Structures are given as C-alpha cells and as structure tokens.
K.L.:
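Got a structure here, written out as structure tokens. Questions coming.
This is a predicted model, so every value here is computed, not measured. Only heavy atoms go into these numbers, but all of them, side chains included; no hydrogens, no water, no symmetry mates.
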Amino acid sequence: MTTTALLSVHGAPGATSLALGLAARSCAGGRPSLLLEADPAGGVLAARFDLELSPVLTDLAAAARRTLEHDEVLRFSQSAGPGIPVVVAHPSAEQTSAALRTSATAIGAALRAIDLNVFVDCGRWQPDSPAMGLVHAAQRIVVVMRPTLEQVVQVLHLSDWFPDNARIGVVLVDDEPYTQRQVGEALSLDVVGVVARLAERAASDPFARSEEHTSELQSRLHLVCRLLLEKK
C-alpha cells in the first residue's frame, strides 16, 4: 500500500493530529493502516492515549538494526482509539533522535514492503533531520504549514531536499494571510485543503463520536483527510 510522511517546517501546526486523523479515517474505511510516530523532538501520543512506553519506536529501531521482516512491524504497535495501530515514540527527544539516526532507513524499507497504509509523523523538517530515511522511503509527503510568508519561503528552500519520486501535497492551517490558491501558485505544489487551527483545537481523537463532529474544525479535518486518502 502507501507510506505517507507528514511534516511541518516551523512550530507545531498539527502534523501529529492530521496523521492521527488520516490513520483513523483509513481504518474506518476498511483499509488496514498504521501510524508511526517519528518526531525527533520526542513523542506525545503515549501520553495522549495513556499508552505504555514499551514497545516504542526505540524497540522497533533496535529490531531494524538486525533483520526486520515487514510483517514484524505491527508487533511494536499499540492501539490508540478504536482499532488504530500506532508505534509511539518515546517522549525523550534524545532517545527518539538516536533511534532514528541509526535505523530510519531500515524502518522505511520495511514500511514500503508492508501491506498497510502507513502514516509517519516526521515532525519538523530540516535537511539534517534524523527522520530523513523515513521521508525518502515515502511515496507521498504532506507538508502541514501556516500560510505565512515566512513558512512559504521555508518550504521553497526545503523543496530541493524532497525525494524526486514522491508525490508532494500541502495542508494549510488557516487561510490567512494568504489563500490556498496563492500558496499553491507560490510553491508550485498541490494544496489539498485548509484546516482551521488544527493544533490548538483538535480533540485527542479527531473522530470521536461527539458534538465536535458538527464543528467547522471536524468537518474540514474530515474533508482534508478524505481528499488526501482519495488522491492517487
């Protein structure tokens, strides 16, 4: 199936929440999926979902340094929400970064062979990111950004580091001061959609059955996730 790497360029615009939303919607649609938390700054999902710190990404990385069969990856996952397998990262940036530096490429190769839709939260993107091996293994890259001049310029300068064979898409957090069309033209990239203040307002489970389903945030998150999953 497809490996999708999600990343941001500055701050915390909501790549983790969008990755969670994509995994949840993919699972709900009957497509076997996995969420891999690989933010070098450390993980947040274990605390958010009250999960254990074993197994974590560090354990998966240790297995990948030996011989990791693609069907072993799920052995390192836990359940976040209703049936969403997630490999969580340790909250320690030191531990997570060390695991990625030694094993990101090997983990990426295993993910490409697994019969799942895999969504990888790679955190903030920079050329020397230890998550580089996972980004280069992805068939699709989603950049989560705010539509400001500063972030547009950052993405322009980072675009040379994106793998040539990956499909690149952009998700905007808010639509000011620049619109979806303006950002797409400036970057020459496909802007898939806009989610309002995703990081600040998203619930821990974006697809929980609650009144939040009717909010603008939830509607736009649903739409963006659907569009991303349907794009070939």
K.L.:
If every non-hydrogen atom of I107 is compared with every non-hydrogen atom of A61, which pair is closest and at what distance?
P.N.:
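Closest pair (atom of I107, atom of A61, distance): CD1-CA, 4.0 Å.
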K.L.:
For the backbone of R167 and the side chain of Q139, can you confirm whether one donor and one acceptor N or O come within less than 3.5 Å of each other?
P.N.:
no
K.L.:
Considering all heavy atoms of both residues, which atom of L51 and which atom of A80 are nearest to each other, and what is their separation?
P.N.:
CD1-CB, 4.4 Å
K.L.:
Counting only pairs under 3.5 Å, give me each side-chain donor-acceptor contact of residues 35-45, with atom names and distances, residues two or more places apart or in other chains.
P.N.:
unit_1, atom_1, unit_2, atom_2, d
E37, OE1, A89, N, 3.0
E37, OE2, V44, N, 2.7
E37, OE2, L45, N, 3.2
D39, OD1, A41, N, 2.9

K.L.:
Assess the residue pair V86 and S77 against the criterion (side chain to side chain contact (heavy atoms under 4.5 Å, CB included)); give the C-alpha distance rounded to whole Å, side-chain angles, the decisive distance to 0.1 Å, and a yes or no.
P.N.:
CA-CA 5 Å; V86 53; S77 68; 5.9 Å; no
K.L.:
Applying salt bridge (charged side-chain N to carboxylate O under 4.0 Å, His left out), name anything that partners R181, two or more places apart in sequence or on another chain.
P.N.:
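Counting only residues at least two positions away or on another chain, R181 forms a salt bridge (charged side-chain N to carboxylate O under 4.0 Å, His left out) with E185.
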K.L.:
Kindly give the heavy-atom pair with the smallest separation between A19 and D121, and that separation in Å.
P.N.:
CB-CB, 4.3 Å
K.L.:
Would you give the length of the straight line joining atom OG of S54 to atom CD of Q78, rounded to the nearest 0.5 angstrom?
P.N.:
7.5 Å
K.L.:
Do any N or O atoms from the side chain of Q180 and from the backbone of L172 form a donor-acceptor pair under 3.5 angstrom?
P.N.:
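It does not hold such a pair.
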K.L.:
What I'd like to find out is whether the side chain of N117 reaches to under 4.5 Å of the side chain of L22, using heavy atoms alone.
P.N.:
no
K.L.:
Which distance, rounded to the nearest 0.5 Å, do you find between the CZ of R112 and the OG1 of T2?
P.N.:
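The OG1 atom of T2 is 9.5 Å from CZ of R112, to the nearest 0.5 Å.
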K.L.:
Between S33 (side chain only) and R31 (backbone N and O only), is there a donor and an acceptor less than 3.5 Å apart?
P.N.:
yes
K.L.:
Which pair of heavy atoms, one from V173 and one from P147, lies closest together, and at what distance?
P.N.:
O-CD, 3.3 Å
K.L.:
Taking atom CZ as the centre, does F162 end up with more than 12 heavy-atom neighbours from other residues, nucleotides or ligands that are less than 6.0 angstrom away?
P.N.:
yes
K.L.:
Within the 4.5 Å heavy-atom criterion, are L116 and L74 side-chain neighbours or not?
P.N.:
yes
K.L.:
Counting only N and O atoms by type, is there a donor-acceptor contact under 3.5 Å from the side chain of Q151 to the main-chain atoms of T148?
P.N.:
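No, because the side chain of Q151 does not come within donor-acceptor range (under 3.5 Å) of the backbone of T148.
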K.L.:
So, taking the atom named CZ in R140 and the one named CD1 in I168, what distance separates them when rounded to the nearest 0.5 Å?
P.N.:
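Reported to 0.5 Å precision, the distance equals 11.0 Å.
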K.L.:
Side chains of Y178 and L149: closer than 4.5 Å at any heavy-atom pair?
P.N.:
yes
K.L.:
Are any non-hydrogen side-chain atoms of L158 and P127 less than 4.5 angstrom apart?
P.N.:
yes
K.L.:
Taking the side chain as every heavy atom from C-beta outward, state whether L100 and L57 have any pair of such atoms under 4.5 Å apart.
P.N.:
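Side-chain contact under 4.5 Å: yes.
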K.L.:
So how far is it from R101 CZ to M132 CE, rounded to the nearest 0.5 Å?
P.N.:
13.5 Å
K.L.:
Can you confirm whether P32 sits close enough to P85 that some side-chain heavy atom of one is under 4.5 Å from a side-chain heavy atom of the other?
P.N.:
no
K.L.:
Evaluate side chain to side chain contact (heavy atoms under 4.5 Å, CB included) for L187 paired with M145, printing each intermediate quantity in order.
P.N.:
CA-CA 12 Å; L187 296 175; M145 60 176 287; 3.9 Å; yes
K.L.:
Is the shortest side-chain heavy-atom distance between I141 and C122 below 4.5 Å?
P.N.:
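No, side chains not in contact.
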K.L.:
How many angstroms lie between atom NE2 of H90 and atom OG1 of T58, to the nearest 0.5 angstrom?
P.N.:
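Going from the NE2 atom of H90 to the OG1 atom of T58 covers 6.5 Å.
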K.L.:
Do W125 and V143 have side chains that get closer than 4.5 Å, going by heavy atoms?
P.N.:
no
K.L.:
Quick one: pull up CG in L20 and CD1 in I84 and give me the separation to the nearest 0.5 Å.
P.N.:
5.5 Å
K.L.:
With side chain to side chain contact (heavy atoms under 4.5 Å, CB included) as the test, would you mind laying out the steps for T3 and I114 before giving the verdict?
P.N.:
CA-CA 9 Å; T3 298; I114 199 169; 5.8 Å; no
K.L.:
Does the pair V195 and V144 meet the rule for a side chain to side chain contact (heavy atoms under 4.5 Å, CB included), with working shown?
P.N.:
CA-CA 10 Å; V195 180; V144 185; over 6 Å; no
